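Quick caveat, the model's predicted, so the values are computed rather than measured.
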Amino acid sequence: WGFGRHHLPLTRVSDPGGDPAPAGRTMVLAKVTEPAAGFPFDARQLFVGQMRYVAQHAIGRGGDIAFVAVPDSDETRTTLGTIQALLQDWPRPVVNAPRRIAELERDRLHKLLVHVPGLEIPATTRVDRDDLADVVAGEMTLEDLFTDGAFPLIARPVGSQAGRGLARLDSIDDVTPYLEANESEDFFLSRFVDYSGPDGQFRKYRVVFVDGRPYACHMAIASQWDLWYLNADMNENARKRAEEADFMENFDSDFGARHS
């Protein structure tokens, strides 16, 4: 089932093959949108596809679940509150409890994970245009904005997804051109971390946690730091796909074990 952008009640969503989702088996509460920018498919198919992976490989084929596929943002907080209320009497497992999703916002997540041994997660702070203009003018420093403030920085407009407005700012000279190219009033800033491997390639891993247990979802490999599966040439590169296949097949004994 899909949760409409502006309305209730819940409405049926078709799966990627065009068939209606089985009644009585699953309930997907998703922020259904138009086809997502940067994605060559309807966002609703992504929600149903991810729900099926979790249902089949983590919870089991026989159980009913509620799968919440709504991120936290200024625009979705009302939606999350509505879903939380809907789930009060839901008797089955819930994947992605709405009350916990709020803790995953970019400027909150590092506070939850900063104490994990061996994990480097830069602080992320929310600033407005005036803050950045004051930095350019020399009226304040990056350290005044947040303790981790130092160039190079990663900047993105608050609420943006799929890399829209995402940029690396290497020095103060990059700030004014960035503001001129982005009309947003608010931005997230974090210190840039060079996470490339010995071969100079960047690797992005997506892991799903279900009841505390990690499951491999996918990985992407690219020469640029700002990578997603769709811009990493994964479909056309057999070597990259082979490395991803090894990551998936040996996750429990390799990546999952090393990072547990």
Side-chain angles (χ1 to χ4, degrees), residues 36-41 43 45-46 49-50 53-54 57-58 71 104-107 109-110 112-125 142 146 148-157 160-175 177-178 181-182 187-210 213-260:
F39 291 94
F41 47 77
Q45 297 181 2
L46 175 65
Q50 290 190 346
Y53 174 87
V54 173
H57 297 281
L104 302 180
E105 182 58 289
R106 300 185 192 278
D107 58 345
L109 181 61
H110 74 279
L112 296 178
L113 302 178
V114 67
H115 301 296
V116 176
L119 177 65
E120 181 174 3
I121 180 167
T124 298
T125 191
L142 287 176
F146 64 120
D148 219 12
F151 289 106
L153 289 174
I154 298 299
R156 70 168 75 225
S160 71
Q161 299 290 336
R164 292 188 294 273
L166 177 67
R168 171 175 163 170
L169 309 181
D170 289 323
S171 72
I172 197 169
D173 294 334
D174 296 328
V175 177
Y178 178 76
N182 292 275
F187 302 88
F188 285 129
L189 300 181
S190 60
R191 174 174 54 84
F192 174 77
V193 175
D194 183 353
Y195 63 99
S196 60
D199 60 356
Q201 297 293 295
F202 294 87
R203 287 167 174 81
K204 177 182 178 181
Y205 302 89
R206 175 157 293 181
V207 178
V208 175
F209 285 84
V210 179
R213 179 178 174 183
Y215 295 84
C217 185
H218 70 236
M219 72 170 293
I221 310 165
S223 58
Q224 74 271 16
W225 65 267
D226 51 342
L227 75 150
W228 297 266
Y229 198 88
L230 294 179
N231 75 355
D233 193 33
M234 295 296 294
N235 290 333
E236 290 75 24
N237 191 305
R239 179 188 58 79
K240 291 182 179 180
R241 292 200 311 275
E243 184 174 336
E244 182 189 25
D246 182 73
F247 163 73
M248 301 281 287
E249 292 171 2
N250 299 296
F251 178 81
D252 289 340
S253 60
D254 187 10
F255 188 97
R258 287 187 287 111
H259 296 282
S260 62

Next on the checklist: Just so I know, are the side chains of V193 and P122 near enough to count as touching, which here means a heavy-atom distance under 4.5 Å?
Outcome noted: yes

Checklist entry - What class does the angle between the rings of F251 and F255 fall in, given that below 30° is parallel, 30 to 60° is tilted and above 60° is perpendicular? => result parallel

Checklist entry - Side chain of K240, backbone of M234: donor and acceptor closer than 3.5 Å? => result no

Item to check | L166 side chain near D226 side chain, heavy-atom distance below 4.5 Å | outcome: yes

Checklist entry - Can you tell me how far NE2 of H115 sits from NE2 of H110, rounded to the nearest 0.5 angstrom? => result 9.5 Å

Item to check | Any I154 side-chain heavy atom under 4.5 Å of R191 side chain | outcome: no

Next on the checklist: Is there a side chain to side chain contact (heavy atoms under 4.5 Å, CB included) between D194 and W225? Walk through the geometry before answering.
Outcome noted: CA-CA 8 Å; D194 183 353; W225 65 267; over 6 Å; no

Checklist entry - Is any side-chain heavy atom of F146 less than 4.5 Å from a side-chain heavy atom of L189? => result yes

Item to check | Counterpart residues, salt bridge (Lys or Arg N to Asp or Glu O under 4.0 Å), relative to R156 (two or more places apart) | outcome: none

Checklist entry - At what distance, to the nearest 0.5 angstrom, does CZ of F209 lie from OH of Y215? => result 11.0 Å

Next on the checklist: Check this for me: does any side-chain nitrogen of one of D252 and R213 sit under 4.0 Å from a carboxylate oxygen of the other?
Outcome noted: yes

Next on the checklist: Could you report the tightest heavy-atom contact between L169 and D174, atom names first, then the distance?
Outcome noted: C-OD2, 3.7 Å

Checklist outcome for this item: Shortest non-hydrogen pair, T124 vs S190, comes out as OG1-CB, 3.5 Å

Checklist outcome for this item: The reported gap from NE2 in H259 to CG in L119 (rounded to nearest 0.5 angstrom) is 10.0 Å

Item to check | Pairwise distance CG(L109) to CG(L104) - rounded to 0.5 angstrom | outcome: 6.0 Å

Checklist entry - If we ignore angles and hydrogens, is there a donor and acceptor under 3.5 Å between the side chains of Y205 and E244? => result no

Checklist entry - Any side-chain heavy atom of F188 within less than 4.5 Å of one from T125? => result no

Checklist entry - Got a second to check how far L113's CG is from E120's CD, nearest 0.5 Å? => result 13.0 Å

Next on the checklist: Could you check whether any side-chain heavy atom of Q201 comes within less than 4.5 Å of a side-chain heavy atom of R203, counting everything from C-beta outward?
Outcome noted: yes

Checklist entry - Minimum heavy-atom separation for S253 to A257, with atom names? => result O-CB, 3.6 Å

Checklist outcome for this item: When every non-hydrogen atom of Y229 is compared with those of A220, the smallest separation belongs to CA-CB, 3.9 Å

Checklist entry - Given the rule in the side chain to side chain contact (heavy atoms under 4.5 Å, CB included) test, do F192 and L153 qualify, once you have shown the distances and angles that lead to the verdict? => result CA-CA 5 Å; F192 174 77; L153 289 174; over 6 Å; no

Item to check | Side chain to side chain, D246 and M248, heavy atoms closer than 4.5 Å | outcome: no

Checklist entry - Considering residues at least two apart in sequence or located in another chain, which fulfil the salt bridge (Lys or Arg N to Asp or Glu O under 4.0 Å) criterion with R168? => result D170

Item to check | Non-hydrogen atoms of A232 and L227 that approach each other most closely | outcome: CB-CD1, 4.5 Å

Checklist entry - Can you name the nearest heavy-atom pair linking Y178 to A167, along with the distance? => result CE1-CB, 3.6 Å

Checklist entry - Can you find a heavy atom in the side chain of N182 that is under 4.5 Å from one in the side chain of F187? => result yes

Checklist entry - For W228 and K204, what are the C-alpha separation, side-chain angles and deciding distance, and is it a side chain to side chain contact (heavy atoms under 4.5 Å, CB included)? => result CA-CA 8 Å; W228 297 266; K204 177 182 178 181; 3.6 Å; yes

